[in-house]
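In listed order, ligands and their atoms are each counted from 1.
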Amino acid sequence: MSSNAAVPPAQSPAALSRTIVHKFGGTSVADAERYRHVAQLLLAREESEQITVVSAMKGVTDGLIQLAEMASGNLAEWRERWHDLRARHRGAAVALLSENAGPTLEWMDQRFEQLAEVLAALAVIGELPKEVLDRVQGMGEVFSARLLGDYLSACGEDCAVLDARDILIVDRGDLGVDVDWLQSAQRLADWRKAHQQQRVVVTGFVARDRSGRITTLGRNGSDYSGAIFAALFNADELHIWTDVDGVLSADPRVVPEAVQLSALSYDEACELAYFGAKVVHPQTMSPAIERGLPIIIRNTFHPEHPGTRITAERDGSGPVKGLTLSPDLAIINLEGTGLIGVPGTAERVFAALRDARVSVVMISQGSSEHSICCVVKSAEAQRAQAALLNAFAHELTIGQVQRVQRTDGVSVLAAVGDGMAGQPGVAARLFESLGRAQVNILAIAQGSSERNISVAIGGADATKALRAAHAGFWLSPQTFSVGVIGPGNVGATLIDQLRAAQPQLLGKANLDLRLRAIASSRSMLLDERGIGDDWRERFAQNGQAADLDAFTAHLLSAHLPHAVIVDCSASAEVADRYAGWLAAGIHVVTPNKQAGAGGWDRYRDIHDAASGSGARFRYEATVGAGLPVISTLRDLLDTGDAVVSVEGILSGTLAWLFNRYDGSVPFSQLVTEARGLGYTEPDPRDDLSGTDVARKLVILAREAGRTLALEDVQVESLVPESLRGASVEDFLGRLEEVDAGFAERLSSARAAGQVLRYVARLDGEGRASVGLVALPEAHAFANLRLTDNIVQFRTRRYCDNPLIVQGPGAGPEVTAAGVFADLLRVAAGQGAKL
Ligand code: ADP
Ligand code: ASP
Ligand code: MG
C-alpha cells in the first residue's frame, strides 16, 4: 500500500476550467484514514467544478442488508450489530473531525435512531418488504457523503453535500435502472441555485423512484451514480477511483498475473462489466457513451498511476483485452427433433422466459436447430425450466420436444476485445487452452459483433479455465503445478536445476514451473504457492506423512492450467499410479524404468490413458540419462523410418569397468574402486547382474514397436550363482572368486585382437540379449571414455552406416538434465514458447 500523502497528478492548464466527477468506491473509504487520504487527493486537484460521488464505507452495505435480514428474521442480535455499525461511523467522525465532530455525531445519531425504529418494525412484521430493504441498504452512502463533506468543510473548503435521494429520479425495470433525465436535471438545477459551491459531495447508489420511494441502483451501483452525475453536471471526465490500477485483463484475485489495460473502448468495457468484471458497473457506460465522456478507472492508493481510459476509441490491440467469469449460472436446454426448421421456436422460448421474468445471460443454438440452449442465473433456473416445460407442454406430449434439461453449477467465461473482429484463430486459441487444461465446454456463443466469445463451463473448472485462457492469450505465464516424487540423488538435483532455471524460464518463455509438492516414500511437503530454494530444510522439518492421494489432490487443487508429476523414485508402486494420473490429465515425466520395462498390461494402460486424455508421458532419462536416445528413436519412427536393429552400451558402470579392464588390475579390484567413486549402486550386483541394462533394452524395443518383456531378454549375469544370495559385505569379500574367469576371457579376446564389452542387442528378428562380448579393437564400442554410453540404430535409412548417439550416460547431473528436458518438452507441447 502506498503512503497516505496524495501525490497531485500532473494537470494540464485546461483542467483548471473543467468539471470532473470523481467516484470513490467502498475500497477507497474503508476508515477515517482513507477519508483523509481521499480529501487530500481531491484538494490537491484544481478543478473549476469538482463533484465527488462516494460509496458507503467498505462492507457497510453488506452490514446493512444483514441487519435488515436479521431484524425481519427476528434475530435479536440485530441490535448488537446496529450498535457496531453506529460505533464504526461515530468512530470515523471523531477521528476525522475531533472537537468539531459534535454536529455530525448528532446528525448521525438521529439517523441511526430512525434506522433502529425501522428495524424494530421489521422485527414486528417478521418480513422484509423490498422498499424497506432499499431504504435501509442505501444508508451507508448517506453517512459516507456526510463524513467526507464535513471533513472537507473542516479543512476550510466551501463544500456542499448532495443527497441523491433529493434529486435523482429513476425507474427500476426488468432491464435495470432507467434515469428520468428531465426531472432529475430540473431538480438538480433547483438544488444548485441554493448550493453554488465549487466542491460537491454526492451520495452514490441511492435514488428515488417516480412515486417518491427510496430505491437504489443495484449492488455496485455507485459507479453508475458517478456516470449519471457526470451527465447531470455536464462533466468533462468521470474518474472512478478504486483499489486497483484500473481495469485488468482478468480479476486479479483469480489471476494474480493479470495485466493492467491502459485503454478500453466503451464496447469492450461494457462487455467486460456485463460479464462480471466487478471493477465497473455495466450500466455506467450508457450515459458516458451518449456524451462521449471519458471514464478513467484509477487507484486511490496510487494516484500517480494513469489508470485505464475508457473512451469511444478502439485501438484494436489484443486480440483479447480481458477475460471475465460469471459464476452461479445454469444451462437450460430445450431439445427436440420437432424443432428442426420450425420458425418462431426461439421466439417462443424467449417469450416464455421473459414472461417468467428470467433474464438470459447467453444463448446458443446449433445450426441443426435440434436444440436451443440458454444460460440463466442459478436463482432463476428453476423458474426458467418450469416456464419452458409449460410453454412447450403440448410439444412434449406429442413428442416434438424431447426434453427441457437443466444443468446447475455453471459459469460463463467470456473473452472480450474489439481486436477479435475479423481475426481468425482467436476462438481456436481459447478452446485450445481450455482443452489442454482439461476443461469441458458445455456451450459456446459468439456475438456477431465478434467482440465477445463466451463459453459455458462447469463451475468447478471455472478458476482453472480462467487461468488457462489467460495464459493461452499470453496475458500471463504458462503455469504448471509440479510435484516431484523421490528427492534422492536425481530428484534433488532436478529440483535444484529447476529452481536455478526458474527466473530465465519466466522471463524468456513466460513459463512458470511451480514446484508445489515433494514426496519421498515416507514423507511429503505440500505448498499452495510454490516451494522455494529452502526446500531441503522445509522438507526435512515440515514434511507430513506421505500419501500419494493427498499429493495428487493437492497438485490438482491449485486450479492451475496444468499439472505434472516427476517420478524420480525407482518404485513400482509409484509406476502403478501413472495410468490414473495420466487419465486425470496430469503429465508424467520420469527416469524410473519400472513402467517402461515392467508388465505389458501396465505399459499399455499407461499409453492408453495418455492418448485418451492428451496428457504426456515422457521417460527420456530411462535410457542413457540425459542423452537424446528415445527422442532420436521417436524422430526416426515419426518420419517414417523403420528400425532394423539396436545395439549399445547402456550401463555407465559396466562401460567404465570394461574400458579400464586391461588385465593389469584384477577385475574385483576395479569393482571396489568403481564403488568407491560412486559409479555403482550400493550393491554392485545390481549393475553386474545386467538386469538394469536389460530393462533399458526393453524400453528401446517397445519404443521401436516390439512387444518385448523383460523375460524375453537373454541376460548374461556377471555375478556367479554362488554369490547371488550373499550379503553385500560377503559378496564384496568374496569378489576375488570372479577374477580368474574374467582374466581368461580377456586373454582369449586379446589373442584375437579383441576387447571385452557388455553390450545390449536387439536384432532384426526381434531377439534381445545383453551380455559380455568380444569386439574388434576398432569397433565403435571399443573406444569409449569413462562412463560413456553409446547406442547404435540401424534403420532402413541408416543401413550402411548406423546412427550413433554417444556421450556421458550416468550421474545425477546429466540424468536430472534429461528429466528436465522432458519437462520442458511437455511444457512446449502445452503451448509454452521455448
Ligand atoms: P469499489 O469498492 O472501489 O467499487 P470493487 O470491489 O467494487 O471496488 O471493485 C474493485 C475490485 O474489482 C478490484 O479490487 C478487483 O479485485 C475486482 N476486479 C474484478 N475483475 C477485475 C478486472 N478485470 N479488473 C480490475 N479489477 C477487477
Ligand atoms: N455500496 C454499494 C454496494 O456495496 C454500492 C457501491 O459501492 O457501488 O453495492
Ligand atoms: Mg464497485
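Residue His281 does not touch ligand 1, judged by heavy-atom distances below 4.0 Å. Contacts between Lys278 and ligand 1 below 4.0 angstrom, taking non-hydrogen atoms only, involve backbone and side chain alike. Counting heavy atoms closer than 4.0 Å to ligand 1, residue Val244 contributes side-chain atoms (C-beta onward) but none from N, CA, C or O. Looking at Leu272 against ligand 1, nothing comes within 4.0 Å, counting heavy atoms. Within the 4.0 Å heavy-atom criterion, both parts of Asp251, backbone and side chain, lie near ligand 1.
In the vicinity of Val247, heavy-atom distances shorter than 4.0 Å reach the ligand 1 atoms 24 (N). For ligand 1, the atoms lying closer than 4.0 Å to a non-hydrogen atom of Thr242 are 1 (P), 3 (O), 8 (O), 10 (C). Taking every non-hydrogen atom of Ser55 and a distance limit under 4.0 Å, the qualifying atoms of ligand 2 come out as 6 (C), 7 (O), 8 (O). Here is the list of ligand 1 atoms found below 4.0 Å of a heavy atom in Ala250: 22 (C), 23 (N). If you number the atoms of ligand 2 from 1 as listed, the ones under 4.0 Å from a heavy atom of Thr61 come out as 1 (N), 2 (C), 3 (C), 4 (O). Close approach to Pro252 involves these atoms of ligand 1, each under 4.0 Å from a residue heavy atom: 15 (C), 16 (O), 18 (N), 21 (C), 26 (N), 27 (C). Residue Gly246 has at least one heavy-atom neighbour below 4.0 Å for each of these atoms of ligand 1: 25 (C). The distance from ligand 2 to the heavy atoms of Arg219 drops below 4.0 Å at these ligand atoms: 3 (C), 4 (O), 9 (O). Close contacts between ligand 1 and Lys23 involve ligand atoms 4 (O) [criterion: under 4.0 Å to a heavy atom].
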query = Would Arg516 and Ser481 satisfy side-chain hydrogen bond (donor to acceptor under 3.5 Å, both in side chains), going step by step from the backbone distance to the final call?
reply = CA-CA 6 Å; Arg516 296 181 64 255; Ser481 181; 2.8 Å; yes
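Atom 26 (N) of ligand 1 has its closest protein heavy atom at Val279 CB, 3.5 Å. Nearest protein heavy-atom contact of atom 7 (O) of ligand 1 is Asn220 OD1, 3.0 Å. If you check which protein heavy atom lies closest to atom 24 (N) of ligand 1, you get Leu248 N, 2.8 Å. Of all protein heavy atoms, the one lying nearest to atom 1 (P) of ligand 1 is Thr27 OG1, 3.5 Å. Closest to atom 16 (O) of ligand 1, if we only count protein heavy atoms, is Arg253 NE, 3.1 Å. Looking only at heavy atoms of the protein, atom 6 (C) of ligand 2 is closest to Ser222 OG, 3.3 Å.
Between Glu268 and Arg451 there is no salt bridge, since none of the side-chain N atoms of the basic residue sits less than 4.0 Å from a carboxylate O of the acidic one. Taking the charged nitrogens against the carboxylate oxygens, Arg210 and Asp180 do have a contact shorter than 4.0 Å, which makes a salt bridge. Taking a cutoff of 4.0 Å between a charged side-chain nitrogen and a carboxylate oxygen, Asp328 and Lys377 do not qualify as a salt bridge. Ion pairing between a basic and an acidic side chain is recognised when a charged N comes within 4.0 Å of a carboxylate O; Glu257 and Arg514 show such pairing.
Polar contact check, Asp243 against ligand 1: a nitrogen or oxygen pair lies under 3.5 Å apart. For the pair Lys23 and ligand 2, the shortest N or O to N or O distance does not fall below 3.5 Å. For Asp223, no nitrogen or oxygen atom sits less than 3.5 Å from a nitrogen or oxygen atom of ligand 2, counting backbone and side chain alike.
With hydrogens and angles left out, the side-chain atoms of Ser265 and Asp267 include no donor and acceptor closer than 3.5 Å. Using modelled atom types, one finds no donor on one side chain facing an acceptor on the other under 3.5 Å when comparing Thr203 with Glu141. Side-chain contact, Gln50 with Arg45: no donor N or O sits under 3.5 Å from an acceptor N or O. Side-chain N/O atoms of Asp245 and Gln260 include no donor and acceptor closer than 3.5 Å. Using modelled atom types and a 3.5 Å distance limit, the side chains of Ser222 and Asn220 yield no donor-acceptor pair.
By the 30° and 60° cut-offs, the orientation of the rings of His239 relative to His22 is perpendicular. Under the 30°/60° scheme for interplanar angles, the aromatic rings of Trp107 and Phe143 are found to stand perpendicular.
For the pair Glu380 (side chain) and Ser359 (backbone), a donor-acceptor distance under 3.5 Å is present.
Within the 2.8 Å limit, Thr27 places no N, O or S atom next to the Mg ion (ligand 3).
Ligand 2 is never approached by Gly25 to a heavy-atom distance shorter than 4.0 Å. Note on ligand 2: Glu141 sits in its first shell, one or more heavy atoms being nearer than 4.0 Å.
In the displayed structure, Arg86 atom CZ is contacted under 6.0 Å by more than 12 heavy atoms of other residues, nucleotides or ligands.
The one candidate from Leu238, Ile167, Thr52, Val200 that meets the side chain to side chain contact (heavy atoms under 4.5 Å, CB included) condition with Phe229 is Ile167.
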